[in-house]
Peer 1: 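Here it is, the structure, as structure tokens.
For the numbers below, each heavy atom of this structure counts, side chains included, while hydrogens, waters and symmetry mates do not.
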Amino acid sequence: FLPAQGVFWDFGAYNGILSLYAATTARQVLAVEPDPSAIELLTANIALNPKVGQKIAFEPKAVSTSSGQFTLYARYAYGNSTSSLMERATDQLNSYQCECVTMQQLREKATTEQPDLLKVDIEGGEFELLPQLGADLKAMQYPTLLIAFHYNFLQEETLLRKLKSK
């Protein structure tokens with residue numbers, strides 16, 4: 001899916017495993033991750049792999065439909081690959097405020113070229129983000145998309161809204 005010397009954007013980069021792997025053949029990689037514990041892992045992994053790490057640009061932010069500061073929710077601890085902008089019924093943490101950027105803002109200020117492959121693994125946020133990406137995808141000449149859908153998170157968020165409304 002990623003052509004040799006292509007450009008990879010990784011939304012929800014977590015510890016950087018896919019960003020690092022992509023950087024072995026990609027020309028450029030943009031890793032975007034808001035979770036403070038995952039950021040520590042990601043930056044450490046980039047530093048441990050300088051040959052491919054030099055191809056990776058990193059944004060310690062979340063991609064969303066709006067920019068600004070938002071709460072990042074987590075189950076029991078940050079850094080366990082389930083933190084989300086979507087509040088879910090079983091989340092126990094809500095203490096971290098992360099900076100969010102829109103896809104348009106990323107496109108305009110990215111230090112990489114536009115992606116050939118775009119991975120979106122943002123723990124439930126994809127349901128809000130994807131319907132609004134049409135113009136951005138067109139402007140990027142329709143990159144290949146790799147999307148992780150977290151239906152269980154959507155169900156939890158719906159349940160939480162119902163419980164709060166009672």
Peer 1: Tell me, please, which residues at least two apart from Lys51 pass salt bridge (charged side-chain N to carboxylate O under 4.0 Å, His left out).
Peer 2: none
Peer 1: Thr112: which residues meet the side chain to side chain donor-acceptor pair (under 3.5 Å) condition with it, sequence neighbours left out?
Peer 2: Trp9
Peer 1: Is there a donor-acceptor pair closer than 3.5 Å between any side-chain N or O of Tyr73 and the backbone N or O of Ser95?
Peer 2: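 Answer holds: no.
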Peer 1: Quick one: list whatever passes side chain to side chain donor-acceptor pair (under 3.5 Å) with Ser83, sequence neighbours left out.
Peer 2: Asp35
Peer 1: Under the side chain to side chain contact (heavy atoms under 4.5 Å, CB included) criterion, do Met103 and Met140 qualify, and how do the steps go?
Peer 2: CA-CA 11 Å; Met103 174 72 97; Met140 294 186 296; 3.8 Å; yes
Peer 1: Side chain to side chain donor-acceptor pair (under 3.5 Å) with Thr102: which residues, sequence neighbours excluded?
Peer 2: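 Side chain to side chain donor-acceptor pair (under 3.5 Å) check on Thr102 returns Gln105.
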Peer 1: Not counting sequence neighbours, list each pair that qualifies as a side chain to side chain donor-acceptor pair (under 3.5 Å) and has a residue in residues 40-50.
Peer 2: none
Peer 1: Measure the CD-CG distance between Gln114 and Leu106 for me, rounded to the nearest 0.5 Å.
Peer 2: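 With rounding to 0.5 Å, CD (Gln114) is 9.5 Å from CG (Leu106).
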Peer 1: Apart from Leu72 itself, which Ile, Leu, Val, Met, Phe, Trp or Tyr residues share its cluster (side-chain heavy atoms under 4.5 Å, direct or through members)?
Peer 2: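 Besides Leu72, the hydrophobic cluster comprises Phe70, Tyr78, Leu85, Leu93, Tyr96, listed by chain and residue number.
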Peer 1: My understanding is that only residues two or more places apart in sequence, or in another chain, count here; which of them pass ring-ring contact (aromatic ring centres under 6.0 Å, His included) with Tyr151?
Peer 2: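 Scan of Tyr151 (ring-ring contact (aromatic ring centres under 6.0 Å, His included), adjacent residues dropped) gives Phe127, Phe149.
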Peer 1: For the residue pair Asp10 and Leu18, establish whether any side-chain heavy-atom pair is separated by less than 4.5 Å.
Peer 2: yes
Peer 1: Go through the structure and list residues passing side-chain contact (heavy atoms from CB on, under 4.5 Å) with Lys109, not counting sequence neighbours.
Peer 2: Glu59, Lys61
Peer 1: Less than 4.5 Å apart, side chain to side chain, heavy atoms only: is that true for Tyr76 and Asp91?
Peer 2: no
Peer 1: Hey, quick one: are Leu48 and Leu41 part of the same hydrophobic cluster, counting side-chain heavy atoms closer than 4.5 Å, chains of contacts allowed?
Peer 2: no
Peer 1: Determine all donor-acceptor pairs shorter than 3.5 Å in which one atom belongs to a side chain in residues 23-30; sequence neighbours excluded.
Peer 2:
unit_1: Thr24; atom_1: OG1; unit_2: Tyr21; atom_2: O; d: 2.6
unit_1: Arg27; atom_1: NE; unit_2: Glu113; atom_2: OE2; d: 3.4
unit_1: Arg27; atom_1: NH1; unit_2: Gln5; atom_2: O; d: 2.2
unit_1: Arg27; atom_1: NH2; unit_2: Glu113; atom_2: OE1; d: 2.6
unit_1: Gln28; atom_1: OE1; unit_2: Glu113; atom_2: N; d: 2.7

Peer 1: Of all residues at least two apart in sequence or in a different chain, which pass the side chain to side chain donor-acceptor pair (under 3.5 Å) check with Asn94?
Peer 2: none
Peer 1: In Å and rounded to the nearest 0.5 Å, what is the CD1 to OG distance from Ile46 to Ser19?
Peer 2: 7.0 Å
Peer 1: From Leu133 CG over to Ile147 CD1, what is the distance, rounded to the nearest 0.5 angstrom?
Peer 2: 8.0 Å
Peer 1: Could you pull out the closest heavy-atom pair between Ala22 and Phe8, with the gap in Å?
Peer 2: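 Taking Ala22 first and Phe8 second, the nearest heavy atoms are CB-CD2, 3.3 Å.
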Peer 1: So, taking the atom named CZ in Phe153 and the one named CZ in Arg88, what distance separates them when rounded to the nearest 0.5 Å?
Peer 2: 4.5 Å
Peer 1: I'd like to know whether Leu129 forms a side chain to side chain contact (heavy atoms under 4.5 Å, CB included) with Ile122, so could you lay out the CA-CA distance, the side-chain angles of the two residues, the decisive distance to 0.1 Å, and finally the verdict.
Peer 2: CA-CA 9 Å; Leu129 182 66; Ile122 55 174; 3.7 Å; yes
Peer 1: Is there a donor-acceptor pair under 3.5 Å between the side chain of Glu33 and the backbone N or O of Tyr14?
Peer 2: yes
Peer 1: Applying side chain to side chain contact (heavy atoms under 4.5 Å, CB included) between Pro143 and each of Leu137, Leu2, Leu117, Asp116, report the one that passes.
Peer 2: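 When Leu137, Leu2, Leu117, Asp116 are each tested with Pro143, the side chain to side chain contact (heavy atoms under 4.5 Å, CB included) holds only for Leu137.
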Peer 1: Can you tell me how far the SG atom of Cys98 sits from the CD1 atom of Ile39, to the nearest 0.5 Å?
Peer 2: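 Result: 8.5 Å between the selected atoms.
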Peer 1: What pairs meet the side chain to side chain donor-acceptor pair (under 3.5 Å) rule with one or both residues in residues 123-141, with sequence neighbours excluded?
Peer 2: Thr65-Glu128, Arg107-Asp136, Glu123-His150, Glu126-His150
Peer 1: Taking Val63 as the starting point, is it possible to reach Val7 by hopping between hydrophobic residues whose side chains are less than 4.5 Å apart?
Peer 2: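 Val7 clusters together with Val63.
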Peer 1: Determine whether Phe11 and Asp121 make a side-chain contact, defined as any pair of heavy atoms from C-beta on separated by less than 4.5 Å.
Peer 2: no
Peer 1: Would a hydrophobic clustering, with Ile, Leu, Val, Met, Phe, Trp and Tyr connected at side-chain separations under 4.5 Å, put Val52 with Val32?
Peer 2: no
Peer 1: My understanding is that only residues two or more places apart in sequence, or in another chain, count here; which of them pass side-chain contact (heavy atoms from CB on, under 4.5 Å) with Gln69?
Peer 2: Gln97, Glu99
